[in-house]
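Below: the structure, in structure tokens.
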Amino acid sequence: MSDSWQGPGARDPQGLSTGSGWGQQARPSEQGQQPDRAPRQGRQQPYPARDARQQPYQGHPQERHAYAHPPRQHVHPHPHPPEQAHQAEPRAESAERAEAPEAPEAEAAAPEVAAPEVDAETSGSRRQARRRARGKDGVRDGARDGARRRRRRRGGLLKVVAFCVVTAVGSLILLRGNELLDRLGTPTAPDKAAETPAPEPPDPGRVLQVIAHPDDDLYFMNPDLRYSISAGSPVTSVYLTSGEADGINAGSAKAATTKPDKPAYAEARQNGIRAAYAKMATGDRGSPWTRTVVPTKGGGHAEVDVLMAKPQVNLVWLQLREAGTVYETAPNSLHGLWDGKIPRLDSMLASGTPVKQPFSYSKDQVVQTLVGILEQYRPTTVRSQDPTPGRYPDTKRYTDHQDHFYGARFVQLATAAYAKDVTDRPHFAVQNYAGYINGSLPSALDPDEAKEKLDILGTYAWLDRQNHCNSPAGCGDLKISDQPGGNRWSDSINYARGTSTNWLTSDAQQGLWAFKVLDGQVAVWHRAGPAGRWKGPDLLPGTGMDPGVSTVTLADGRTAVFGTRTSFGAKPTDYRREVVHAVQKQPGAEQFTEWQSLGTPETADENWTSDISAPAVSVDGTGQLAAYVRDGAAGLRGRVQQPDGSWGPWEKYGGTDLHGSPATATDGAGRRMVFAATSKSVVGWTQPTPGAPLGQVTATGLPDTTLPLTADGREGGVRLWFRKPGSGNVRTALITGEGGLKVSQMTDLGGLQGFGSVTASGHLLAGRTAGGQLGSESGSGRPWERSPLLFVGAPSSTMTGKGLVSLAVVGLDARLYVTSSADVPNAHLAPWQPVGPRNAPPSLPSPVSPTSPASGPAPAAP
């Protein structure tokens with residue numbers, strides 16, 4: 001952060017921020033604001049203060065949101081730093097006290113149920129005994145004996161009551177962990193119970209999206225984007241390029257007769273994005289924005305747009321030049337800048353932008369610009385495109401636009417620098433999204449979700465041609481108006497990483513362990529035993545970890561954690577992804593070994609852009625450990641651990657057209673099975689006997705399925721769970737391996753639509769529903785239930801002992817949430833328990849968003 005930035009605490013006598021932007025002092029001539037469709041009333045404050053704890057807006061679309069404040073007049077031109085409203089939030093201690101409303105009642109129960117009743121009854125018995133003692137002697141002795149018997153009965157009753165109270169509190173501790181332990185250790189006087197602060201609503205998290213072109217978010221990150229906006233999460237979208245393409249804003253019928261104008265086409269795409277976001281947030285595409293120039297930490301300027309009715313929605317336009325071609329070499333591009341083909345990449349300013357001075361960035365300045373944006377917004381969830389999409393095996397052409405994945409690599413560098421250099425920040429999780437390859441895969445969205453997504457794209461494409469934005473450049477992207485859904489991209493959404501459902505595991509003492517990647521490191525949460533205190537998140541040493549890890553329990557009871565790690569090196573060609581693992585030093589210990597590398601089956605990034613999947617790991621009946629990945633040629637590769645602890649070479653197991661990550665589990669006979677989805681079906685491999693090599697790839701005959709697969713050993717075989725394309729319904733099938741792979745019990749379990757991974761343990765199924773929340777089914781024939789949690793990646797579940805199943809997610813606030821249920825029919829999930837303090841530093845700035853330019857591929861490509 002440069003010396004000119006004075007930090008979120010620097011304020012002038014009027015209480016206004018004196019910070020100038022993202023690390024540089026702005027020039028007065030360039031600090032103007034440009035409200036979009038709003039009358040100018042002097043200088044307006046672009047980032048109104050807000051209370052981040054407000055519930056999502058439920059009123060009329062055209063009414064002002066509860067976050068919004070009227071625009072101020074004669075305000076200092078510099079925006080407030082992002083997230084300032086979070087300064088009003090209680091510290092972590094108060095947050096922990098407020099997170100479990102049941103706990104104060106449990107505290108008050110013990111003294112009021114047991115102690116008061118004992119005092120009242122025993123004192124009354126003594127008074128009665130004394131009155132009887134004043135009568136005849138014979139009566140006195142009988143009364144004394146009766147009093148003794150009554151006291152014994154009451155004493156026995158009190159013991160039963162006390163036992164019930166202890167049992168109930170113990171059961172609650174099993175479900176609520178630290179929260180009740182803390183409260184039981186700090187008794188509350190009965191007359192103070194009414195003063196207990198009201199519980200805070202869940203933190204919706206702060207989402208920052210970085211995309212290459214305007215519309216990449218609408219094609220590849222929706223409906224996640226819409227879910228976050230609907231939930232009231234602060235959402236900032238950063239556009240790296242202007243998406244100027246060839247400058248022709250026209251459909252195919254008029255393309256030949258339309259004059260190219262790159263700045264105008266860039267503006268039209270901006271107008272379309274503003275309309276789409278306004279519609280998602282308010283229902284009114286014409287809802288006005290405030291547009292401001294902000295200096296960046298990289299030495300240039302960005303445009304920041306704030307939706308006035310919902311100021312937690314920000315757009316940041318960095319306005320760099322796009323490649324102008326999907327696959328071909330284009331030195332003046334993010335790809336060329338990354339590879340050193342050019343020393344600097346120029347800006348491409350949209351017409352109508354308040355940024356007037358051109359600039360250029362070196363590779364490091366692009367990274368620093370993104371770091372400055374991260375510093376300002378302090379997100380808890382960072383979304384970006386897939387940095388390693390791979391190439392088609394036959395043509396060797398990239399499966400995605402070069403701006404998409406090289407832009408994502410710049411995000412990788414920036415998040416790594418931000419995690420390393422900035423300490424006063426919340427933890428953050430990263431989610432990567434697949435791009436063009438979605439058009440070759442089965443549709444992941446149900447018809448209603450796909451229609452909603454297409455409708456938003458239609459707003460961006462400006463289908464009705466009404467000049468609602470009052471701009472001569474146009475109000476949307478007419479290039480895609482002939483086919484707003486793209487190459488079936490409106491039908492799907494797929495995560496490129498983080499789809500594993502076995503990151504939550506239990507140990508022999510019924511303790512729980514959770515492993516997720518935060519800040520580029522593997523975070524560990526641990527609860528010792530069935531009623532111990534939760535600890536974490538603690539970050540294991542070692543950086544560069546990609547989203548998503550898998551765990552496996554070794555034969556000696558230790559837990560092994562597997563994932564992939566990205567390294568950059570001194571030269572662009574040093575970019576590399578490799579499989580790594582760490583192992584518990586002793587069963588149940590909190591210490592793990594250093595990360596050990598298993599390397600990669602790919603020879604060089606230049607060949608396959610390091611496109612390997614996350615590893616799938618399992619232990620067979622002999623205790624043999626193996627790890628499998630999908631390689632860059634869309635086949636299965638694996639390494640097997642030898643008896644002496646060393647690892648064999650990367651073996652080729654065949655298979656073609658594999659997508660996503662493989663899934664593996666062990667059947668009742670100890671045979672390891674591995675499965676992978678293709679664009680048409682599912683294929684599998686199995687060991688003929690435990691300890692033997694995998695057999696040949698075998699077609700299962702299963703119908704096409706969306707990504708990803710989940711596998712679990714049960715019923716003597718391995719059960720698969722997956723989703724029905726174009727529906728979101730959960731399906732399951734049992735695979736047995738005696739005499740080769742055989743499929744049976746194919747069943748449609750229904751569900752609440754949705755997409756992505758399904759986790760299964762015991763009687764419990766859970767996965768993302770339409771709307772983005774977590775849905776669960778807790779027994780055959782029971783209706784699916786929906787929780788309010790929005791989360792990152794995939795849920796995970798595990799059996800805890802023989803009679804309890806535990807379920808966990810990491811929310812958009814990068815915080816672990818855990819629940820549990822008895823593994824019996826008709827069971828219900830316990831209330832969700834957040835683990836640890838709220839994920840926010842002591843002070844957070846107000847809602848500012850860095851801007852990034854929009855960019856689009858060559859004609860008609862997002």
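In what follows, residues are counted from 1 in the order of the sequence shown.
F410 meets the ring-ring contact (aromatic ring centres under 6.0 Å, His included) test with W338; sequence neighbours excluded. Every residue two or more places apart in sequence or in another chain that forms a salt bridge (Lys or Arg N to Asp or Glu O under 4.0 Å) with R226 is listed here: E449.
From Q209, atom CD reaches atom OG of S237 across 4.0 Å, with rounding to the nearest 0.5 Å. The line from OH of Y460 to CD of Q270 is 10.0 Å long, rounded to the nearest 0.5 Å. For the atom pair NE2 (H659) and CD1 (I437), the distance works out to 5.5 Å, reported to the nearest 0.5 Å. With rounding to the nearest 0.5 Å, the separation of CD in Q412 from OG1 in T566 is 4.5 Å. In this structure, CG on N432 lies 7.5 Å from OG1 on T388, to the nearest 0.5 angstrom. Rounded to the nearest 0.5 angstrom, D448 CG and Q753 CD are separated by 7.5 Å.
Between Q466 and R285, the closest side-chain pair of non-hydrogen atoms falls below 4.5 Å. Side chains of R465 and L478 form a contact here, defined as non-hydrogen atoms less than 4.5 Å apart. In this structure, P442 and T705 have side chains that are not in contact, with every pair of non-hydrogen atoms separated by 4.5 Å or more. Under the 4.5 Å side-chain criterion, counting only non-hydrogen atoms from C-beta, T732 is not in contact with F722. Two residues are said to be in side-chain contact when any heavy atoms from C-beta on lie closer than 4.5 Å; P204 and D813 fail this criterion.
Counting only distance, with no hydrogens or angles, the side chain of S613 and the backbone of R630 share a donor-acceptor pair below 3.5 Å. The backbone N or O of T759 lies less than 3.5 Å from no partner atom in the side chain of S797, so there is not a single donor-acceptor pair. In terms of modelled atom types and a separation under 3.5 Å, the side chain of S492 and the main chain of A444 share a donor-acceptor contact. In this structure a side-chain-to-backbone donor-acceptor pair under 3.5 Å is missing from S233 to I229. Between the side chain of S787 and the main chain of L789, a donor-acceptor pair closer than 3.5 Å is present. In this structure, Y227 contributes its side chain and G771 its backbone to a donor-acceptor pair below 3.5 Å. Between the side chain of D482 and the backbone N or O of S252 there is at least one donor-acceptor pair closer than 3.5 Å. D403 places a side-chain N or O within donor-acceptor distance of the main-chain N or O of A323, the cut-off being under 3.5 Å.
A donor and an acceptor atom, one from each side chain of R206 and T380, are nowhere located under 3.5 Å apart.
The ring of H404 has its center closer than 6.0 angstrom to the ring center of Y436.
Under a 4.0 Å N-O distance rule, the pair D284/K279 does not qualify as a salt bridge. Salt bridge status for R274 with E267: absent, with no side-chain N to carboxylate O gap under 4.0 Å. Between D611 and R391, no side-chain nitrogen of the basic residue sits less than 4.0 Å from a carboxylate oxygen of the acidic one, so the salt-bridge criterion is not met.
A perpendicular orientation is assigned to the rings of W489 and Y219, their planes being inclined by more than 60° (bins at 30° and 60°).
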Practice task
Kindly indicate, with the supporting measurements, whether the criterion side-chain contact (heavy atoms from CB on, under 4.5 Å) is fulfilled by H401 and Y327.
Solution key: CA-CA 7 Å; H401 194 295; Y327 309 111; over 6 Å; no
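For the pairing with L307, the side chain to side chain contact (heavy atoms under 4.5 Å, CB included) check across L315, V235, V313 returns one residue only, V313. R577 pairs with exactly one of D605, D546, D631 by the salt bridge (Lys or Arg N to Asp or Glu O under 4.0 Å) rule, that one being D546.
For the pair R768 and F791, the cation sits on the ring face: its NZ or CZ lies under 6.0 Å from the ring centre, inside 45° of the axis.
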